[in-house]
2 protein chains.
Amino acid sequence: MSAADTPLLPMNFCSDCGQPVSLKIPDDDTRLRHVCSHCGTIHYQNPKMVVGSIPLWRDDERVLLCRRAIEPRHGYWTLPAGFMENSETTEEAATRETMEEAGARIELKGLFSLMNVPHVHQVHLFYRAHLLDLDFAAGVESLEVKLFREDEIPWDDIAFPTVAQTLRLFFDDLKAHRSGQPFGVHSRDIRKRMRP
Amino acid sequence: MSAADTPLLPMNFCSDCGQPVSLKIPDDDTRLRHVCSHCGTIHYQNPKMVVGSIPLWRDDERVLLCRRAIEPRHGYWTLPAGFMENSETTEEAATRETMEEAGARIELKGLFSLMNVPHVHQVHLFYRAHLLDLDFAAGVESLEVKLFREDEIPWDDIAFPTVAQTLRLFFDDLKAHRSGQPFGVHSRDIRKRMRP
């Protein structure tokens with residue numbers, strides 16, 4: 001049995017004692033884990049959260065996107081988002097990532113989408129947000145940041161399916177909102193796309 | 001600088017190559033990480049998700065709780081919930097934990113609460129759910145499982161603040177729902193309680 005047969009990322013050595021780990025199902029468990037044969041530590045792996053915002057400039061209903069300066073998907077457009085850090089809340093993560101990637105100050109308005117991406121062990125959360133001013137600027141992980149109306153969104157050059165789906169749902173809700181509907185909270189599962 | 005000064009859990013050795021790690025701020029980063037001095041691997045740590053359900057027996061509006069057979073909070077009551085696993089979605093995690101801890105079959109009805117617990121690097125999600133039958137039974141991590149009306153909930157013996165808050169919000173929404181209001185999606189931050 002190798003890590004390739006499990007949803008675990010490879011692990012060779014125990015991070016506590018430095019001795020080799022092996023794959024075992026611990027007592028009272030049903031899944032393979034990396035277990036240290038020396039000190040017995042069980043090394044669990046769990047999904048990570050990617051948290052971001054949908055920064056709306058309300059005057060003309062444009063949304064702020066960032067063009068990625070890093071891999072994966074260098075050169076493609078995304079909403080400002082990134083890995084949530086220890087000791088912060090989801091709202092703090094969304095606000096921080098929006099500042100780091102887009103230099104943008106926002107007021108958060110509520111959770112908008114929860115996107116499961118199980119084949120990469122991630123959950124993506126996007127919060128609605130209002131841009132407080134137009135003094136945004138690309139951070140080190142962005143090539144450029146720019147406001148887009150719905151009909152200007154570069155749909156073919158969006159970096160991730162979770163971002164494309166969130167944007168489509170958002171512009172739909174924005175139209176419904178004009179006729180008095182509240183914004184929804186949307187949940188979607190993004191399954192692995194088969195490569196041709 | 002020690003790990004105690006950071007939000008990082010202790011780490012001694014590189015899980016890739018087995019050599020010692022040290023705390024450093026990598027290039028293009030702003031936070032201390034465990035970095036391997038031998039192979040250069042940066043070991044990121046991120047919050048974990050705890051996902052569960054609020055299983056409602058609709059005939060008499062009772063909710064299913066589990067009395068914990070494990071630490072922390074052995075003997076206290078909780079909603080069925082647990083750490084999300086790699087390769088699953090949040091809905092799959094909620095359904096699986098409800099089966100594992102309470103032996104209960106449910107139909108999920110939608111996200112109800114998102115609770116940040118930043119001092120333990122966790123985000124708790126609870127989904128509304130309808131119990132499909134009354135054939136539930138305590139799993140290995142539960143001493144007993146039992147249905148409670150709102151006025152029967154053992155509020156002083158609830159295991160975690162995220163569960164108590166979720167239950168209070170749920171019964172409030174349940175009353176509002178009777179008069180035609182939709183259920184909300186509630187977000188709360190649970191900060192560290194100072195011990196006396």
*Asks:* If I measure from the heavy atoms of chain B, does A:R188 come under 4.5 Å with its side chain, its backbone, both, or neither?
*Replies:* neither

*Asks:* Please determine whether the number of non-hydrogen atoms from other residues, nucleotides or ligands lying under 6.0 Å from atom NE2 of B:H74 exceeds 12.
*Replies:* yes

*Asks:* Relative to chain A, which segment of B:N116 carries a heavy atom at a distance below 4.5 Å: side chain, backbone, both, or neither?
*Replies:* side chain

*Asks:* Counting only heavy atoms closer than 4.5 Å, note whether A:N46 contacts chain B via side chain, backbone, both or neither.
*Replies:* both

*Asks:* Give, for atom CD1 of B:I190 and atom OG1 of A:T89, the distance between the pair rounded to the nearest 0.5 Å.
*Replies:* 12.0 Å

*Asks:* Would you mind telling me which of B:V120, B:D28, B:L111, B:V123 has the largest number of heavy-atom pairs within less than 4.5 Å of chain A?
*Replies:* B:V123

*Asks:* Would you say B:F183 and B:L56 are hydrophobically clustered, going by side-chain heavy atoms of ILVMFWY under 4.5 Å?
*Replies:* yes

*Asks:* Hey, which of A:D16, A:N86, A:N12 has the most heavy atom pairs under 4.5 Å with chain B?
*Replies:* A:N86

*Asks:* For a 4.5 angstrom cut-off between non-hydrogen side-chain atoms, does B:M84 reach A:P47?
*Replies:* yes

*Asks:* Hydrophobic clusters here meaning ILVMFWY residues chained together by side-chain heavy-atom distances under 4.5 Å, can you tell me if A:L64 and A:Y127 are in one?
*Replies:* yes

*Asks:* Tell me which of these, B:R31, B:Q19, B:Q45, has more heavy-atom pairs under 4.5 Å with chain A than the rest.
*Replies:* B:R31

*Asks:* Which value, rounded to the nearest 0.5 Å, describes the distance between A:F13 atom CZ and B:C14 atom SG?
*Replies:* 8.5 Å

*Asks:* Non-hydrogen atoms of chain B under 4.5 Å away: do they reach the side chain of A:S187, the backbone, both or neither?
*Replies:* side chain

*Asks:* Is the OH atom of B:Y76 crowded by more than 12 outside heavy atoms at less than 6.0 Å?
*Replies:* no

*Asks:* Is it the backbone or the side chain of B:E92 that comes under 4.5 Å from a heavy atom of chain A, or both, or neither?
*Replies:* side chain

*Asks:* Under a 4.5 Å side-chain heavy-atom rule over Ile, Leu, Val, Met, Phe, Trp and Tyr, are B:F112 and B:L108 clustered together?
*Replies:* no

*Asks:* So for A:V185, is it side chain, backbone, both, or neither that comes closer than 4.5 Å to the heavy atoms of chain B?
*Replies:* side chain

*Asks:* Heavy-atom pairs under 4.5 Å with chain B are the metric here; pick the option from A:L114, A:V140, A:V21, A:T90 that has the most.
*Replies:* A:T90

*Asks:* Hey, any chance A:F170 and A:I153 share a hydrophobic cluster, counting ILVMFWY side chains that come within less than 4.5 Å of each other, even indirectly?
*Replies:* yes

*Asks:* Please rank A:H43, A:E141, A:E91 by heavy-atom pairs under 4.5 Å with chain B and give me the top one.
*Replies:* A:E91

*Asks:* Under the side-chain contact (heavy atoms from CB on, under 4.5 Å) rule, what do B:S87 and A:H121 come out as? Steps first, then yes or no, please.
*Replies:* CA-CA 5 Å; B:S87 290; A:H121 321 312; 3.2 Å; yes

*Asks:* If you draw a 6.0 Å radius around CG in A:D27, do more than 12 non-hydrogen atoms from other residues or ligands fall strictly inside?
*Replies:* no

*Asks:* Can you tell if the side chain of A:P118 reaches within under 4.5 Å of the side chain of B:E88, non-hydrogen atoms only?
*Replies:* no

*Asks:* More than 12 non-hydrogen atoms from neighbouring residues, nucleotides or ligands closer than 6.0 Å to CZ on A:R178, yes or no?
*Replies:* yes

*Asks:* In the single-linkage hydrophobic clustering (I, L, V, M, F, W, Y; side-chain heavy atoms under 4.5 Å), do A:I106 and A:W57 co-cluster?
*Replies:* yes

